[in-house]
Novice: 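Input: one structure, supplied below.
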2 protein chains.
Amino acid sequence: MKEIGSALRKESLPILTVDVVVLTLDNGQLQVLLHRRPNAPFAGAWALPGGFVRVGEDSDTLAAIQRVLRSKVGATNIYVEQLATYSGEMRDPRGWSLSVAYIALLPKSDLQIVDSPDVALLDTKSLPELAFDHALILKDALARLRGKGAYSTLPAMLLKKEFTLSELQLAYEVVLGEKLDTSAFRRKVGDFEFLEKTGSNSSELSKRPARLFRLKNDVQMFDRTLGRSG
Amino acid sequence: MKEIGSALRKESLPILTVDVVVLTLDNGQLQVLLHRRPNAPFAGAWALPGGFVRVGEDSDTLAAIQRVLRSKVGATNIYVEQLATYSGEMRDPRGWSLSVAYIALLPKSDLQIVDSPDVALLDTKSLPELAFDHALILKDALARLRGKGAYSTLPAMLLKKEFTLSELQLAYEVVLGEKLDTSAFRRKVGDFEFLEKTGSNSSELSKRPARLFRLKNDVQMFDRTLGRSG
DNA sequence: ATAATAGTGTCTGTCAGACAATATGAT
DNA sequence: ATCATATTGTCTGACAGACACTATTAT
């Protein structure tokens, strides 16, 4: 252990961070949570939420990201999965850095963000320049969501625990970026048997109320796709 | 930068490593490269090849893994992709550690390993206990290969640049863990148009020689599967 | 010719998308 | 009744797996 410490210290100390791509759904748009950096580097630029890993406090990087989510999003019980790790001497002007990036999906109603011009949900289809390599991270996150979304119940993580089939279809359409055929969608949802009725109905007035469903299990993969984008 | 350095130094220094799951094909088996650890911790146990990230020397973790591959496998021009990052205070008895894990695929003929009882290619279906969380990493690597293999040309990375359709089918069968139907396989290979003839033929004697093919492009994803295991 | 593997053709059930038709509840 | 949306049914082409068949070369 001593020789490791000294070996690292001889070179410059790596910066160890976690970043998270928080995605949600708002009236037919896939949105990402961004904030304006208050300090250098990239002061004033939009960036993904993140923070340094605190070795003494965080038992691992997942714990670190949970801490970040608690403080910046104010939500618990969110779906989180690791995306990838980005590293190198070029991505942060302060020196060699490594960031473990995560994806978090949640319904907009679970998001508690401060009302500030420096924190915003922005449409993923029209984004500003981002700090560091965050544009790349976000691009990778969207690609992952699109790819995995077609084969899993992942898009349902963008909805409240109870939802109608139309809402579910919309979530898939937004994630996959294309319209889906309703009858094919419902047939497959039925075949895959990953939903259960809640018994109650949606209460959007002045039209026929739809049945509410919830996921039987957590996120689950299929051997075929719901919708395209395989 | 100063405040970061001191913030980290206040807590214990994280150990930063890269590990690689080197997979190859040997007479119908998917094999993984392992070595016996010469030193504590886990001295004598089998482990994945890996090493510390050298911040002064490696421009990023990919460069670090290339360095490890050069020194332990003696091969260049190998297919490498990032798998995931494993971190925490529990996985290494020396303290909080973080390891970025990679997958490398190559034909056995490209592998130059020292002839030593401490370095071996072992069948992935019957493995010994592994050091650290390397069993988990290996399990994740195999799952990734299986999942992605069904939808891509990834299994071809286990073969030499030129191969016959039978060899390609075998690679898929081993990766996916199931027999494939020859006519369906060939039909799809034809449909997807990712191969080109080399003109020459295989020269395994005493039977009908097969045509040799190579990939047109690098690894490429499909919208449908070759074989199951989606 | 025979052995052995390479490579092709066809049949059949399943599944996808398209689109039309029906059901239901609020007004 | 009417509107708007939910929900179901049917038709058709694409595709997968099964399996039998043909082709080609070394011996």
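To find a chain, count down the sequence lines: A is the first, B the second, and so on, and within it residues start at 1. All of these numbers come straight from a predicted model, not from anything done at the bench.
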Novice: Take nucleotides 5-17 of chain D nucleotide by nucleotide from the 5' end and write B, S or -, depending on whether a protein heavy atom sits under 4.0 Å from the base, only from the sugar-phosphate, or from neither.
Specialist: BBBBB-----SBB
Novice: D:dT24 P sits how many Å from B:Asn201 CG, rounded?
Specialist: 12 Å
Novice: Distance check needed: C:dG17 P versus A:Leu176 CG, whole Å only.
Specialist: 11 Å
Novice: CG of B:Asp181 to CZ of B:Arg186: how many Å apart, nearest 0.5 Å?
Specialist: 11.0 Å
Novice: Could you tell me if A:Thr198 and A:Arg214 have a donor-acceptor pair between their side chains, going purely by distance under 3.5 Å?
Specialist: no
Novice: List for me each residue that meets salt bridge (charged side-chain N to carboxylate O under 4.0 Å, His left out) alongside A:Arg70, sequence neighbours excluded, and say none if there are none.
Specialist: none
Novice: Say whether A:Asp218 and A:Tyr79, considering side chains only, have a donor N or O and an acceptor N or O under 3.5 Å apart.
Specialist: no
Novice: Residues two or more places apart in sequence or in another chain: which of them pass salt bridge (charged side-chain N to carboxylate O under 4.0 Å, His left out) with B:Asp60?
Specialist: none
Novice: Calculate the interatomic distance between A:Leu180 atom CG and C:dC19 atom P; express it in whole Å.
Specialist: 15 Å
